[in-house]
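Step one of this worksheet: look at the structure below.
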Amino acid sequence: MATSRPKGTNDFLPADTVKWHYVEGILRDLADQYGFAEIRTPIFEATELFLRGVGETTDIVNKEMYTFTDKGERSITLRPENTASTARAFIEHKMYGLPQPVKLYYMGPMFRYERPQKGRFRQFHQFGIEAFGSLDPALDSEVITLAMEFYKRLGLNGLQVRLNSVGCPVCRGEHKAKLQEMLRPHLDVLCADCQSRFERNPLRIFDCKNDKCQALIKEAPTIADCLCDECRDHFEKVKTYLTAAGIPFAVDAKLVRGLDYYTKTAFEIILTEIGAQSAICGGGRYDGLIEDLGGEATPGVGFALGMERIFAALDANQIEIPVENGADVYFIALGEKAREKAFSWLIQLRRRGIKGDMDYMARSFKAQMKAADRIDAKYAVIVGENELQNNEIIIKNMADSSQETIKTEQISEAAEAADVVIEELIRRIQK
RNA sequence: GUGGGUGUGGCGAAGCGGUUAACGCACCGGAUUGUGGCUCCGGCAUACAUGGGUUCAAUCCCCAUCACUCACCCCA
């Protein structure tokens, strides 16, 4: 139906958007403090970018992309995430020529064709950061710290950082081989899902919820057991830096990320109170991504956090976002002549930075007072026929109900009289 | 894609085989001449998702469809 929105999408109404502005403001401030600058990439990209960037074995690519052919016969996909696009932009704009690391953040809608549920939508919004060009484990920790700092500023509690290292292509390959070797004799015991994971991505068997699979995988070597010296050393340093930053974390050897590009550090931040989709932030290092996309080998590390899940978390924690509303002034005008005056003054006050409004519904005096109250106006300025006759207006303080009458000279002669009134009003409103 | 739950006016929410289908919120108007919040009074609206069926009779029972929702897979 033309009057209902597509499945899995949301309209954010004024009551929502004020909250988004607040949260986005915190994110921008924080990113800026940490030295990240905003990048905005297209909402759609060549499909090829995600095939190569996100990975052909991932669920995202296999069943969740919004892909279509445009009129120029190009295969286009609505971005399911923004790391691949950011990496593409890094290469395209030759950012390897900039002082490294290049620290970027983004914010915006992403699209995945999935069955919606709590905390999951077809159009959802992510804030993410990416730091390119440095292998320093301190940067991994900085990224995690930034996320945790953000939650702290919002006042969220109960979050857990789960941390792991998925190794590099070398040690991961070794691990995969060992894992398959160990599991192969028991293949028939595994659930259908895990049997298909066995070849594609055996790591995923670690977080299968099936009891039989769990029993089997319990004895299997974890990635941690197989890390090469470099990866192990990197992982240790990430932990050291996290501790230095005062960020508590739990190493979870079973943590695997669903995107192919991750190397070494993988982490997620979860809050179980928001439902089954409890990951509020996920990220890690992706040292091979830029090269995979055709750029010079450049390491990177970053995360994405889901905005909708932030709001779910705020609800779960019963945190009210401070919303600032209320106007400085509301004009109450009766009669056509008075409305003209009020309209003119209102416009002039707004030009001077005053926030205000007036009635456009031909309401009665009383109803206009109600309207002034409803928008939480500090002052009501009353311009009625009596006032017009006596060359005066009434300015009423809505909080304490006091009011005073201001004489206006030549109230019927527009320009210069208006200036006097405006100055007088501004003096009082800003007092 | 698979499974469960739900679908009553703008929102929330009763009801139940036969009613003028409650109520609350919101909104609009009024409570002596042009002064808001509290209170009181009144008003408001294409309200029983859609299509079939059972029945003398269906908002209520059955079926289908659609929508929403939760969960699985996976992810933010």
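To find a chain, count down the sequence lines: A is the first, B the second, and so on, and within it residues start at 1.
The CZ-P distance, from A/Arg257 to B/rA76, rounds to 5 Å in whole Å. Regarding A/Ile280, its CD1 atom lies at a distance of 13 Å from the P atom of B/rA76, rounded to whole Å. Rounded to whole angstrom, the span from the CD1 atom of A/Ile274 across to the C1' atom of B/rC70 amounts to 15 Å. Distance, A/Arg309 CZ to B/rC70 C1': 14 Å, rounded to whole Å. The distance between atom NZ of A/Lys7 and atom C1' of B/rU65, rounded to the nearest whole Å, is 13 Å. Look at CZ on A/Arg122: it is 14 Å from C1' on B/rU69, rounded to the nearest Å. Note: CD (A/Glu130) to P (B/rA76) measures 11 Å, nearest angstrom. Between the CG atom of A/Asp373 and the P atom of B/rC27 there is a distance of 11 Å, given to the nearest Å.
If you take atom C1' in B/rG9 and the same atom in B/rG51, they sit 23 Å apart, rounded to whole Å. When the P atom is compared between B/rC62 and B/rU54, the two are found 15 Å apart, to the nearest whole Å. Nucleotides B/rC61 and B/rU6 are separated by 10 Å at their P atoms, to the nearest Å. For the P atom pair drawn from B/rG5 and B/rC63, the interatomic distance equals 11 Å after rounding to whole Å. Rounded to whole Å, the separation between the P atoms of B/rA64 and B/rC27 comes to 43 Å. Of the P atoms belonging to B/rA26 and B/rC11, the separation is 16 Å, rounded to the nearest Å. A distance of about 49 Å separates the P atoms of B/rC16 and B/rG34, rounded to the whole Å. The C1' atoms of B/rA45 and B/rG10 are separated by 9 Å, rounded to the nearest whole Å.
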Just the atom pairs and distances: protein N or O near nucleotides 28-34 of chain B's N or O, under 3.5 Å.
unit_1: B/rC28; atom_1: OP1; unit_2: A/Arg363; atom_2: NH1; d: 2.8
unit_1: B/rC28; atom_1: OP1; unit_2: A/Arg374; atom_2: NH2; d: 3.3
unit_1: B/rC28; atom_1: OP2; unit_2: A/Arg374; atom_2: NH1; d: 3.0
unit_1: B/rG34; atom_1: N7; unit_2: A/Asn386; atom_2: ND2; d: 3.2
unit_1: B/rG34; atom_1: O6; unit_2: A/Asn386; atom_2: N; d: 2.6
unit_1: B/rG34; atom_1: O6; unit_2: A/Asn386; atom_2: OD1; d: 2.9
unit_1: B/rG34; atom_1: O6; unit_2: A/Asn386; atom_2: ND2; d: 2.4
unit_1: B/rG34; atom_1: O6; unit_2: A/Glu387; atom_2: OE1; d: 3.3
unit_1: B/rG34; atom_1: N1; unit_2: A/Glu387; atom_2: OE1; d: 2.7
unit_1: B/rG34; atom_1: N1; unit_2: A/Glu387; atom_2: OE2; d: 2.9
unit_1: B/rG34; atom_1: N2; unit_2: A/Glu387; atom_2: OE2; d: 2.9

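Within 4.0 Å of A/Glu114, counting heavy atoms only, lies at least one base atom of the nucleic acid. Residue A/Ala279 is in sugar-phosphate contact alone, with no base atom involved, counting any heavy-atom pair closer than 4.0 Å across all strands shown. Using a 4.0 Å heavy-atom criterion, one finds that A/Phe303 contacts no nucleic acid atom at all. Within 4.0 Å of A/Glu268, counting heavy atoms only, lies no atom of the nucleic acid at all. Using a 4.0 Å heavy-atom distance criterion, A/Gly128 is classed as making no nucleic acid contact.
The base of B/rU35 does not come close enough to the side chain of A/Gln368 for any donor and acceptor atom to sit less than 3.5 Å apart.
The aromatic ring centres of A/Tyr330 and A/Tyr379 sit 6.0 Å or more apart. Ring centroids of A/His125 and A/Phe311 are separated by 6.0 Å or more, keeping the two rings apart. Less than 6.0 angstrom separates the ring centroid of A/Tyr261 from the ring centroid of A/Tyr286.
A donor-acceptor contact closer than 3.5 angstrom is absent between the side chains of A/His175 and A/Asp225. Looking only at atom types and distance, the side chain of A/Ser75 has no donor-acceptor partner in the side chain of A/Thr69 under 3.5 Å away. A donor-acceptor contact closer than 3.5 angstrom is absent between the side chains of A/Thr9 and A/Gln123.
The only member of A/Lys355, A/Arg350, A/Lys378 that meets side-chain hydrogen bond (donor to acceptor under 3.5 Å, both in side chains) when paired with A/Asp328 is A/Lys378.
A salt bridge between A/Glu38 and A/Arg28 is present, with a side-chain N of the basic residue lying under 4.0 Å from a carboxylate O of the acidic one. The pair A/Glu114-A/Arg122 does not count as a salt bridge, with every side-chain nitrogen at least 4.0 angstrom from each carboxylate oxygen. Salt bridge present: A/Glu392 and A/Lys407 bring a charged side-chain N and a carboxylate O closer than 4.0 Å.
Heavy-atom distances to RNA chain B give each of A/Lys63 and A/Ala399 a nearest nucleotide, and the one nearer the 5′ end belongs to A/Ala399. Checking A/Phe121 against A/Asp400, the closest nucleotide of RNA chain B that is more toward the 5' end is the one next to A/Asp400.
When the side-chain nitrogen and oxygen atoms of A/Gln117 are compared with OP1 and OP2 of B/rC72, one or more of them lie within a distance under 4.0 Å. Residue A/Gln277 places at least one side-chain N or O under 4.0 Å from the OP1 or OP2 atom of B/rC72. The side chain of A/Arg5 places no N or O atom within less than 4.0 Å of a non-bridging phosphate oxygen (OP1 or OP2) of B/rA67.
Among the nucleotides B/rA71, B/rG37, B/rU35, the one closest to any side-chain atom of A/Met369 is B/rU35. Of the listed nucleotides (B/rU35, B/rU2, B/rG37), B/rU35 has the atom at the smallest distance from the side chain of A/Lys396.
Between A/Phe12 and A/Trp20, the ring-plane angle classifies as tilted under the 30° and 60° cut-offs.
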Hey, mind stepping through A/Glu268 and A/Arg257 against salt bridge (Lys or Arg N to Asp or Glu O under 4.0 Å) and telling me if it holds? CA-CA 9 Å; A/Glu268 62 182 32; A/Arg257 307 255 72 226; 2.6 Å; yes
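For RNA chain B, runs of at least 3 consecutive pairs of the Watson-Crick or G-U wobble type, with both hydrogen-bonding distances under 3.5 angstrom, map to B:1-7 with B:66-72, B:10-12 with B:23-25, B:27-31 with B:39-43, B:49-53 with B:61-65.
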